[in-house]
Every structure is written in structure tokens, then in C-alpha cells.
Amino acid sequence: MNFFRRFEQFLQKECQIKPTDQILIAVSGGVDSMCLLHLLHQTQSQIAVVHCNFQLRGNESDDDEKFVEEYCKKLSIPFYSKRFETIQYANLKGITLQEAARDLRYSYFENLRQIIHFQYIATAHHADDSIETFFINLIRGTGIKGITGIKPRNNRIIRPLLFAYRYEIEKYCFEHHIAYRTDSSNSTDKYLRNQIRHHILPALEKLNSSFRKTMSQNIVNFQQAEQIYQFYINRVSKELIEEWPGKLMAIRIDAIKQQPSPALMLYELLRPYGFNSDTCTDIFLSLENEPGKEFFSKTHRLIRDREFLIIEEKEDLTVSTYYIDAETTETEKPIKLIFRRFIASQYTIPKHPHVAALDADKIQFPLLLRRWQKGDYFVPLGMKYYKKLSDFFVDNKLSRIQKERTWILANGEDIVWIIGY
């Protein structure tokens, strides 16, 4: 089967692309992306080209941009490009240049895709890239997901060249007289990927002349194993993770300990919330310690409570005060409250934790809406004596996060409602 026919089959079967789909092609000007552009141009798909100039190689970067633009003009293909201040962005975020370039390009690709109303973004990753990614993740440390290589499709991103090896792509370009640019940074061993490409893979190929095909099959096997693994994780997650009011997630500690591999299961449960493997190890070790310790990812906070690990999105927990005047009928911030007035003789007080009935003759506006504070006390309905709010929390077995999220409605210094209770 010729190269183009293999490409068509992979595009339809693995990338699940229809002839009517509109595809935005990421083209750097290198051999891989120029091959992809040539192949997709022969299909019935409507295409456009996007190019990123990261301004990391001086005139060479600018020449790449001009080369791709002129090629697209010759074929009347819509062309889009953008220049990035990549070094400044990397310094600002505290990340490597490679990480910065990846973040910038994929963000730009998706924004552009939405603007021009295309369905997919095609990148020129091929089989060798997938093998190299396997080794990169293996060297840096990874779970099973990291050894599954690059997938043909990830939401709106498709990789139609994953069926082919680099030598096949180069051969196709030679046979069809496809011009391309050579990135000088590809020849250096400065980057880990290049070290693997130039030294590790050739050495392994000496041990097994069919090594690349063997590795490709290994990756397919790993991908299938990962699907079974994720099926189990997803099923068990529904049993272990509880959704609590206020967008809280809770994991019962004793349920984690009963798993066949509790540390690994905990990592898989917490990974979607941004917790890395080192933090998950610390969390797992905390299960044998006293409750109260906090752990953080970039987006979430986890508290080791008595019986649960409680997860919440990060928010500003500083004590803020909001004023509610006599004319207020509704609030949205910091929480949604609705205020209504009734004639007392015609009103029956409902026994519902989300409703408070206050005597209008005994309150003075503005009312105060605030976080609870240590030392707060109140007189429970039907009682004559004061009760500490902290004791109320203990009696109701509130977790630390639930206590922190509790709001108080106060009439001056008097608490008139512990909202939600």
C-alpha cells in the first residue's frame, strides 16, 4: 500500500476525520510538517495553515515564517502566523523555553481554530516522536499513562502522521520534490529529546534492527493496557469520591486503605486536581498521622480530616464583611441570599436549614454578612444560654473546610443566623 493511501486510512480510522472536516495545520517549515501539509492538501478537506515564530533563532526563525507563507500563497492556502516573546514568557512563568513554546502555540492554535470556525488542529507528530516521548517520560519518571506515547487524537488535536517513521516522511518529500527547512537546533544535544534521537535509539537499533517497529507495537500494547487500567480507576473513583455541598470532594480514608495498591489509587484519584506524585506520596504518609495537615496543588487544597481527605478549589479565605441594607432584596456575592418581608401573623416559620425568619422589629440595618471568627457565640433558637460557635461545629461534625466556608449573618455583634443551619 502506498504512503498516501496509508495516510488516508489512518486519517479516517484513527483520527476519525471526515472529508467535510475543516483542518488547521500547524506548519513549522520542517520536513514533517511540510509532508503533512502536502498530504492534507491532496484530500478533500478544507485546510488552513498556522505558523508560530518563537523568535529563538534570529533570522532563521524569520526565514522559516517567510518560507511557509510563500508556500501557502503559491497554493492559495489561508495562512496565519504569530510572533511570540518566548524568552520573556518563560522567565515570567518560571518554565523552560520548550514548555513556554508548547504553552504558547497550543493556546494560539485553539484560539485561532475557534475564530475561523475550524473543527480540528493537525500537528506533524510521527511514530519516532511517539517513541522518543516514551523514553523521555521513562527517564523523568512516569505512571502507566506516560509510557503510552502520543495518541492519534486528543479532543481537537489530531496527529495524522503517527503511522509513519521519520525516514518514510523524508523519503516521501524527496520523491515528491517537497521543499522544507532544517531547524539548526535539531542537530544539537542540548535537549533531552535530541540526545535520545541521536544516541539512545540508534544504540538500541543495533541490538534489534526492527527496534522501532517493536517499540511501536509495545506502545500500542501499553495504550490498550492503559484503557483497562483507566476503566478500573474510573469505576472505583465513583465509589471512593463523594461530592459534598459547596463543590467539595471527599475521599474516605478507610476506603483508600482497603485498595490493592492504596498509594497508586490515591495518586490516580488526586491527579485530576493537580497534585503531583511527590505530594501524593506525602498525603498517603499522612494517613497514619493526626488529622489537620494541609496540602496544595496549583488549583486545589486538600485537608487530611478525621475520616476523609477533603478537596476544594483554592479560594480567598480572608475574613470579609458585606453589608446588607434595608432595601436589599437579593445578593450574589459572596453567597446567594434572597430577602422577603411578611406579616408575622400570616407567616409560618418553615423548619428548613436554608431559611431564616428574623423579627424585623428587633434588627437594625445594615446587617453584616461575614465569615465566622474564633470566639463567636450565639443563642440557639429555643434556648436561653449562649453557645460557642466552635462547639456547635464540633456537635455537627463539620470538617475544617466546612467551618472555613461557613458564613454568619449578624445584627451588629449578635449572630442571628449560621447560614445553612
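The basis for the numbers below is simple: all heavy atoms, side chains too, and nothing from hydrogens, waters or symmetry mates. In this chain, residues are counted from 1 in sequence order. This one's a predicted model, so the numbers in the text were calculated from it and none came from an experiment.
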Asker: Pick one: which of His177, His38, His126 meets ring-ring contact (aromatic ring centres under 6.0 Å, His included) with Tyr172?
Answerer: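 The residue from His177, His38, His126 that satisfies ring-ring contact (aromatic ring centres under 6.0 Å, His included) with Tyr172 turns out to be His38.
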Asker: Looking at Lys171, I want to see if its NZ is surrounded by more than 12 non-hydrogen atoms of other residues, nucleotides or ligands under 6.0 Å.
Answerer: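 Not buried by this count: 12 neighbours or fewer within 6.0 Å.
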Asker: Provide the closest heavy-atom pair for Ile150 versus Ser130 in the form atom of the first, atom of the second, distance.
Answerer: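 Of all heavy-atom pairs spanning Ile150 and Ser130, the closest is N-OG, 3.0 Å.
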Asker: So, Ser277 versus Arg271: side-chain donor-acceptor pair below 3.5 Å or not?
Answerer: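 There is no such pair between these side chains.
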Asker: Salt-bridged, Arg83 to Glu65, with N to O below 4.0 Å?
Answerer: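 Result for this pair is yes, salt bridge flagged.
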Asker: With the threshold set at 4.0 Å, does a side-chain nitrogen-carboxylate oxygen contact exist between Arg304 and Glu288?
Answerer: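 Salt bridge: no.
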Asker: Tyr165 vs Tyr167 aromatic rings, parallel, tilted or perpendicular, using cut-offs 30° and 60°?
Answerer: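 Tyr165 vs Tyr167 ring planes: parallel.
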Asker: Using the ring-ring contact (aromatic ring centres under 6.0 Å, His included) rule, pick out the option among Trp372, Tyr421, Phe378 that qualifies with Phe393.
Answerer: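 Testing Phe393 for a ring-ring contact (aromatic ring centres under 6.0 Å, His included) against Trp372, Tyr421, Phe378 leaves exactly one candidate, Trp372.
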Asker: So that I can tick it off, tell me whether Glu330 and Lys336 are bridged by a salt bridge, with the cut-off set at under 4.0 angstrom between side-chain N and carboxylate O.
Answerer: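 A salt bridge links Lys336 with Glu330.
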Asker: I'd like to check Glu69 versus Ser81 (side-chain heavy atoms, cut-off strictly below 4.5 Å). Are they in contact?
Answerer: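 Heavy-atom side-chain distance check fails, nothing below 4.5 Å.
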Asker: Asp128 versus Arg197: any side-chain heavy-atom pair under 4.5 Å?
Answerer: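 Not touching, per the 4.5 Å side-chain cut-off.
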Asker: State whether the side chain of Gln223 and the backbone N or O of Thr148 hold a donor-acceptor pair below 3.5 Å, judged by distance alone.
Answerer: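 Pair found, side chain donor or acceptor close to backbone of Thr148.
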Asker: Counting only heavy atoms not in Leu381, do more than 12 sit closer than 6.0 Å to its CG atom?
Answerer: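 Count not over threshold, so no.
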Asker: Look at Asp21 together with Lys18 and state whether they make a salt bridge at an N to O cut-off of under 4.0 Å.
Answerer: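 Answer for the salt bridge query: yes.
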Asker: Could you please spell out the steps behind the salt bridge (charged side-chain N to carboxylate O under 4.0 Å, His left out) verdict for Asp395 and Lys387?
Answerer: CA-CA 11 Å; Asp395 293 344; Lys387 184 181 184 72; 2.8 Å; yes
Asker: Judged by atom type as modelled, is there a donor-acceptor pair below 3.5 Å linking the side chain of Thr321 to the main-chain atoms of Arg370?
Answerer: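 Absent.
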Asker: Could you check whether the rings of Phe308 and Trp244 sit parallel, tilted or perpendicular, using 30° and 60° as the cut-offs?
Answerer: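 Ring orientation, 0 to 90° scale: perpendicular.
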